[in-house]
Amino acid sequence: MLKLYYSPGACSLSPHIVLHESGLPFEAIPAPTKTHQLPNGTDYYTINPLGYVPLLVMADGEKLREGPAIVQYIADQVPEKNLAPAYGTLGRYRLMEWLTFIGTELHKGFSPLFNPAMPAEAKQISKDRLAQRLAWVDGELAGKQYLLGEAFSVADAYLFTVTNWAAFVGVDISGLANLNAYRARVGARPAVQAALKAEGLAK
């Protein structure tokens, strides 16, 4: 059985959603980013020396540490679910393009806003840059159900997760109609609701 180490509301929500979408059996283990202590008292650093989430552990003990790699691995275990286009197709590279953009331009853009030591001026620079990037995403979603078109993919789990942070750090996305409609659509999916509930983020 797969094991996913996660921290509620963190970027690990993305593979948590994808695991629910996949239908694969898995165990989700909280690894809070503030305490790094697992429910059984184990120091999380003994499992992942980097200390962050997500971490996916396979039945044979192999580990994957990076979200974009984890979600593609999960998708490839259940190709019939169409969570990722097949390797070798342009669609797969479009998926990787989105995963890279979300990781480098959005995810990392939010990171300074969670740092209490970051000066207000630096945070404002990050907010302004995020606003520009999110406005671009809003335009890309025009006329689309999901990032790749009509089908939900693992990139949608990642974008939903990252844009969840906007309200907590003061990034205003209220004027982005396409993005907000998209977020409502993704958020209504049963797998997304199941992951949110499992992490204590929804009733």
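Both backbone and side-chain heavy atoms feed into the values below; hydrogens, waters and symmetry mates do not. All figures in this text were calculated on a predicted structure; none of them were measured in a lab.
Legend: residues meeting side-chain hydrogen bond (donor to acceptor under 3.5 Å, both in side chains) with N40, ordered by chain and number and at least two apart, are T42. Not counting sequence neighbours, the partners of E105 by the side-chain hydrogen bond (donor to acceptor under 3.5 Å, both in side chains) test are R129, R133. For P85, the side-chain contact (heavy atoms from CB on, under 4.5 Å) partners at least two apart in sequence or on another chain are T89, R92, L95, L148. Take N180 and apply the side-chain contact (heavy atoms from CB on, under 4.5 Å) test, not counting sequence neighbours, and it matches I173, L176. Judged as a side-chain contact (heavy atoms from CB on, under 4.5 Å), and not counting sequence neighbours, the contacts of Q77 are L24, Y73. Among residues two or more places apart in sequence or in another chain, the side-chain contact (heavy atoms from CB on, under 4.5 Å) test is passed with L90 by R94. With sequence neighbours excluded, no residue forms a side-chain hydrogen bond (donor to acceptor under 3.5 Å, both in side chains) with S14.
If you chain together hydrophobic residues whose side chains sit under 4.5 Å apart, L2 and Y44 never meet in one group. A continuous path of hydrophobic side-chain contacts links L83 to L147 [ILVMFWY only; heavy atoms under 4.5 Å]. In the hydrophobic clustering of this structure, L99 groups with V162; members are Ile, Leu, Val, Met, Phe, Trp, Tyr whose side-chain heavy atoms approach within less than 4.5 Å, directly or through other members. No path of Ile, Leu, Val, Met, Phe, Trp and Tyr side chains, each step under 4.5 Å between heavy atoms, connects L4 with Y45, placing them in separate hydrophobic clusters. Clustering ILVMFWY residues whenever any of their side-chain heavy atoms sit less than 4.5 angstrom apart, transitively, puts L64 in a cluster other than the one holding I29.
Here the closest non-hydrogen pair linking P15 and I74 is O-CD1, 4.1 Å. Shown here for V154 and A75, the closest heavy-atom pair between the two residues is CG1-CB, 4.0 Å. Shown here for P112 and G109, the closest heavy-atom pair between the two residues is CD-O, 3.3 Å. Heavy-atom minimum distance, A31 versus L38: CB-CD2, 3.6 Å. Annotation for A155 and I102: closest pair O-CD1, 3.6 Å, computed over non-hydrogen atoms. Nearest heavy atoms, A195 versus I17: CB-CG1, 3.7 Å.
The local environment of CZ in F114 is crowded, with over 12 non-hydrogen atoms from other residues, nucleotides or ligands closer than 6.0 Å. The number of heavy-atom neighbours closer than 6.0 Å to NZ of K63, taken from other residues, nucleotides and ligands shown, is above 12. Within 6.0 Å of atom NZ in K123, more than 12 heavy atoms from other residues, nucleotides or ligands are found, so the atom counts as buried in its surroundings.
Checked by atom type, the side-chain pair Y182/D138 shows no donor-acceptor distance below 3.5 Å. Using modelled atom types, one finds a donor on one side chain and an acceptor on the other under 3.5 Å when comparing Q124 with D128.
The side-chain heavy atoms of L113 and M118, taken from C-beta on, include no pair separated by under 4.5 Å. Under the 4.5 Å side-chain criterion, counting only non-hydrogen atoms from C-beta, Q72 is not in contact with S153. Side-chain contact between S7 and P30: absent, with no pair of heavy atoms (C-beta onward) separated by less than 4.5 Å. Counting heavy atoms from C-beta on, the side chains of F152 and V186 come closer than 4.5 Å. Looking at heavy atoms from C-beta onward, L159 lies out of side-chain contact with D156 at the 4.5 angstrom threshold.
Screening residues 83-107 for ring-ring contact (aromatic ring centres under 6.0 Å, His included) gives W98-F101, W98-W136, F101-W136, H107-Y158, H107-W165 as the qualifying pairs, with residues at least two apart or on separate chains. A salt bridge (charged side-chain N to carboxylate O under 4.0 Å, His left out) check over residues 140-152, counting only residues at least two apart or in different chains, returns nothing. For residues 186-200, the side chain to side chain donor-acceptor pair (under 3.5 Å) pairs, not counting sequence neighbours, are H16-E199, E21-R189, Y146-R189. Sequence neighbours left out, not one pair with a member in residues 111-121 passes side chain to side chain donor-acceptor pair (under 3.5 Å).
The distance from atom OG1 of T163 to atom CG of L130, rounded to the nearest 0.5 Å, is 11.0 Å. Here the straight-line distance linking atom CG of L106 with atom SG of C11 works out to 13.0 Å at 0.5 Å rounding.
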Cut-off 3.5 Å, no hydrogens considered: what does the side-chain donor-acceptor table look like for residues 50-58, sequence neighbours left out?
from : atom 1 : to  : atom 2 : distance (Å)
Y52  : OH     : E66 : OE2    : 2.4

Task: Step-by-step side chain to side chain contact (heavy atoms under 4.5 Å, CB included) determination, L13 to Y6 - done: CA-CA 7 Å; L13 176 61; Y6 74 94; over 6 Å; no
